[in-house]
Amino acid sequence: MTDHTHMTEATKTWLMGIDIGAGSLKTMIIDSSGKVCGSAAVDIPTHSPKPRWSEQNPQDWWQAVCETVPLAIAQAGISASDIAAISFSAGAHTPVLEDAQGNLVRPAILWNDQRSGEESRELQEKHGERILSLGMNRPAPTWTMPQFLWLVRNEPEAVKKTARVYIAKDWLRSRLTGTWETDRTEAVGTLLFDVANDAWSQELCDLAQWDVGTLPPLVTPTTVVGKVTAKAARESGLAEGTPVVCGTSDTSIETFGAGSVTAGDGTIKLATAGTVSVVSKKPHVHPTLINYPLAIPGLWYVITGTNSCASAHRWFRDRFLMTAGMSGSEAFAEMDRLAASIAPGAEGLLFHPYLQGERAPYWDPMLRADFVGMTFRHDKAHFSRAIYEGIAFSLRDVLDQFRAQDMDIKTARIIGGGSKSATWRQIVADILNVEILLPETTDASFGAALLAGVGIGVFSDEMSAAKSCARIVGRSVPNPTAVEFYDKLFRIYKDAQAGLVQVNHALSRMVG
């Protein structure tokens with residue numbers, strides 16, 4: 001247990017953040033200085049009953065809350081009644097449907113589910129411009145609107161039963177409070193929200209053949225929506241009456257929690273997928289960019305990404321570097337050591353990380369990954385280096401979409417599991433020609449805990465919460481010689497990408 005007796009009464013406030021990640025749920029407790037005092041995580045199973053489906057059972061999230069809350073409280077060395085407030089985050093777009101009695105209608109369709117590809121194409125072809133102008137984004141299987149149209153066509157009974165739509169973190173939060181609401185970032189993530197008029201859109205709902213009356217009331221991310229009920233307290237180990245704050249979607253909360261809080265601030269995420277986002281005073285409506293309200297009022301973040309980032313890194317580790325008796329973390333450390341031992345450019349070995357097709361800037365599911373330029377000189381160290389560089393080149397391809405819209409960044413905070421590698425951070429800095437800042441804590445659960453503090457007045461506002469608690473612990477400054485070299489290599493990377501498109505399509509057709 002941690003000894004907190006040194007804390008003054010004035011600072012003796014603990015805040016809890018709970019985040020549903022892609023494969024796990026994490027509960028974190030921080031103090032009012034932003035210090036992490038306790039945390040716990042448990043895995044959440046994802047089900048794929050049919051090809052391209054990706055679903056989770058929301059009851060598993062609640063079970064995970066009931067498991068992790070007591071563990072985090074014990075690690076912090078406090079009692080449940082010491083927690084001043086709780087807030088939540090989760091991936092956007094994930095709808096949870098309840099009937100009039102409050103029962104779950106079906107499992108939750110996740111953001112990475114691909115079943116609604118046909119509906120997305122149809123919506124884009126027939127109504128793409130209108131959807132973009134109202135909802136600020138283009139339809140894709142990630143978004144709730146095409147998922148709903150798929151449900152209307154394939155599971156009409158489930159649609160008929162639905163009385164209330166929640167988004168993932170809102171359903172989980174309602175287990176504590178019994179209330180029903182969402183925030184504007186989540187609303188934008190459904191693609192059923194009219195941004196200019198700040199209201200659910202009858203027109204967009206009609207395109208999805210969905211009843212607008214099933215969509216929740218809107219509040220701000222820092223609104224106290226209720227208190228922990230007696231029943232929820234018994235099941236979860238929380239104290240009855242603890243204030244519960246709305247929260248918002250994970251990338252909004254990670255960006256805020258990392259300290260990207262003023263227009264022009266960049267964030268680079270090296271997670272399962274890789275993303276680049278830029279904080280902006282307004283949406284930048286463009287087919288290759290995605291727009292959401294930031295956790296800070298009046299600001300937006302504009303984001304786009306590459307499909308395979310840490311997932312490509314893990315694929316290479318698991319297939320080619322893992323040996324008997326070696327743990328995953330030991331294999332990562334070995335891959336990092338190997339990559340660092342090789343000079344920039346990996347002696348002319350290039351990697352395109354399209355292991356799962358590609359998002360920006362190509363939006364092409366038929367692209368395939370490759371290594372280009374192999375010789376007898378290349379060994380696993382060169383391949384390790386090429387993996388790091390290829391993913392960074394893919395992020396450069398993404399960043400160039402922003403630069404084409406006059407949205408450049410000079411510094412970026414780096415988050416996600418890949419940010420732990422100093423070698424990878426330096427490669428990203430050199431290839432993007434951007435100074436990379438490493439925050440002390442980058443979990444979405446950390447940002448959620450900060451929002452809980454704003455909601456109950458521990459911090460005067462979102463900006464002061466981020467500025468007082470988001471500490472930078474590392475910097476990677478671009479090396480001018482490496483920047484110049486990588487600029488030349490990036491042109492070759494682009495030429496190789498363009499030259500292999502038809503080959504990739506032919507291979508995909510042949511095996512698909």
Can you tell me how far the CD atom of E347 sits from the CZ atom of R377, to the nearest 0.5 Å?
-> 4.0 Å
Going by distance alone, is a donor N or O of one side chain under 3.5 Å from an acceptor N or O of the other, for T248 and E186?
-> no
What heavy-atom pair brings R425 and I414 nearest, and what distance separates the two atoms?
-> CD-CG2, 3.9 Å
Those residues that, when tested against Y486, pass ring-ring contact (aromatic ring centres under 6.0 Å, His included) (two or more places apart) = F393
Could you pull out the closest heavy-atom pair between S89 and A444, with the gap in Å?
-> OG-CB, 3.4 Å
Rounded to the nearest 0.5 angstrom, the CG-OG distance for L270 and S421 is 9.0 Å
Under the side-chain hydrogen bond (donor to acceptor under 3.5 Å, both in side chains) rule, collect the residues that match up with N504, sequence neighbours excluded.
-> none
How long is the span from the CE atom in M510 to the NE2 atom in H505, to the nearest 0.5 Å?
-> 14.5 Å
For the atom pair NE2 (H352) and CG (L367), what is the distance rounded to the nearest 0.5 Å?
-> 9.5 Å
Residue pair N137 / N291, side-chain heavy-atom distance below 4.5 Å = yes
Do you know which two heavy atoms are closest between S308 and I391, and how far apart they sit?
-> O-CG1, 4.1 Å
Please name all residues satisfying salt bridge (Lys or Arg N to Asp or Glu O under 4.0 Å) with K494, sequence neighbours left out, ordered by chain then number.
-> D397
Whether S277 side chain and V302 backbone form a donor-acceptor pair below 3.5 Å = no
Please check if the side chain of T68 supplies one atom and the backbone of A41 the other of a donor-acceptor pair under 3.5 Å.
-> no
Is there a side-chain contact between T142 and R359, using heavy atoms and a 4.5 Å cut-off?
-> no
In short, side chain to side chain donor-acceptor pair (under 3.5 Å) pairs touching residues 318-329 with sequence neighbours left out are S327-S329, S327-E330
Report yes or no: is the cationic atom of R115 (NZ for Lys, CZ for Arg) closer than 6.0 Å to the six-membered ring centre of W150, at no more than 45° off its axis?
-> yes
V65 side chain reached by R175 side chain, heavy atoms, under 4.5 Å = no
Take the angle between the ring planes of F351 and W315 and call it parallel below 30°, perpendicular above 60°, tilted in between.
-> parallel
Residue Q59 excluded, over 12 heavy atoms near CD under 6.0 Å = yes
W61 meets the ring-ring contact (aromatic ring centres under 6.0 Å, His included) criterion, sequence neighbours left out, with none
With the side chain counted from C-beta on, respond yes when F332 and K420 share a heavy-atom pair under 4.5 Å apart, and no when they do not.
-> no
Return yes if some donor-acceptor pair links the side-chain N/O of D443 with the main-chain N/O of S445 below 3.5 Å, else return no.
-> no
Return the set of residues passing salt bridge (Lys or Arg N to Asp or Glu O under 4.0 Å) with E440 (not counting sequence neighbours), or none when no residue passes.
-> R471
Sequence neighbours excluded, the answer for side-chain hydrogen bond (donor to acceptor under 3.5 Å, both in side chains) partners of T267 is S260
Between T255 (side chain) and T251 (backbone), is there a donor-acceptor pair under 3.5 Å?
-> yes
Do the charged groups of E55 and R106 touch, with an N to O distance under 4.0 Å?
-> yes
Could you walk me through whether D250 and W111 pass the side-chain contact (heavy atoms from CB on, under 4.5 Å) test, one step at a time?
-> CA-CA 12 Å; D250 57 358; W111 59 271; 6.0 Å; no
Look at the aromatic rings of Y292 and H93 and report parallel, tilted or perpendicular, splitting at 30° and 60°.
-> tilted
D170 side-chain N/O to Y166 backbone N/O, donor-acceptor pair under 3.5 Å = no
Given W363 and T304, is the side-chain contact (heavy atoms from CB on, under 4.5 Å) satisfied, shown in steps?
-> CA-CA 11 Å; W363 304 99; T304 192; 4.0 Å; yes
Give a yes or no answer on whether the side chain of R317 reaches the backbone of G328 with a donor-acceptor pair at less than 3.5 Å.
-> yes
On a heavy-atom basis, the closest approach of F459 and L15 is CE1-CD1, 3.9 Å
K169 versus D183: any side-chain heavy-atom pair under 4.5 Å?
-> yes
Heavy-atom closest pair (P344 atom, E389 atom, distance to 0.1 Å) is CA-OE2, 3.4 Å
Under 3.5 Å: donor-acceptor pair, side chain of E462, backbone of L451 | no
S341 meets the side-chain hydrogen bond (donor to acceptor under 3.5 Å, both in side chains) criterion, sequence neighbours left out, with none
Report yes if some heavy atom in the side chain of L450 is under 4.5 Å from a heavy atom in the side chain of I30; otherwise report no.
-> yes
Intermediate values then yes/no, side-chain contact (heavy atoms from CB on, under 4.5 Å), Y354 and N307 | CA-CA 7 Å; Y354 313 138; N307 270 349; over 6 Å; no
Working to the nearest 0.5 Å, report the span between OG of S252 and CG of L294.
-> 5.0 Å
How long is the gap from CD1 on I167 to OG1 on T94, to the nearest 0.5 Å?
-> 7.5 Å
Are the side chain of T185 and the backbone of S249 linked by a donor-acceptor contact shorter than 3.5 Å?
-> no
S54 (side chain) donor-acceptor with D113 (main chain) under 3.5 angstrom = no
Pairwise ring-ring contact (aromatic ring centres under 6.0 Å, His included) hits with a residue in residues 398-448, at least two apart | H313-W424, Y388-W424
For W143 and V188 the tightest heavy-atom approach is CZ3-O, 3.4 Å
Side chains of P58 and L104: closer than 4.5 Å at any heavy-atom pair?
-> yes
How would you list, by chain and number, every residue that makes a salt bridge (Lys or Arg N to Asp or Glu O under 4.0 Å) with K410, sequence neighbours excluded?
-> D408
Go through M16 and V69 one step at a time and tell me if the side-chain contact (heavy atoms from CB on, under 4.5 Å) criterion holds.
-> CA-CA 9 Å; M16 179 178 280; V69 162; 4.0 Å; yes
Measure the shortest side-chain to side-chain distance between V276 and Q401 over non-hydrogen atoms and say whether it is less than 4.5 angstrom.
-> no
For D487, enumerate each residue passing the salt bridge (Lys or Arg N to Asp or Glu O under 4.0 Å) test, keeping only those at least two apart in sequence or located in another chain.
-> R396
Expected output: side-chain D430 to main-chain N479 donor-acceptor under 3.5 Å | yes
Counterpart residues, side-chain hydrogen bond (donor to acceptor under 3.5 Å, both in side chains), relative to H378 (two or more places apart) = T375
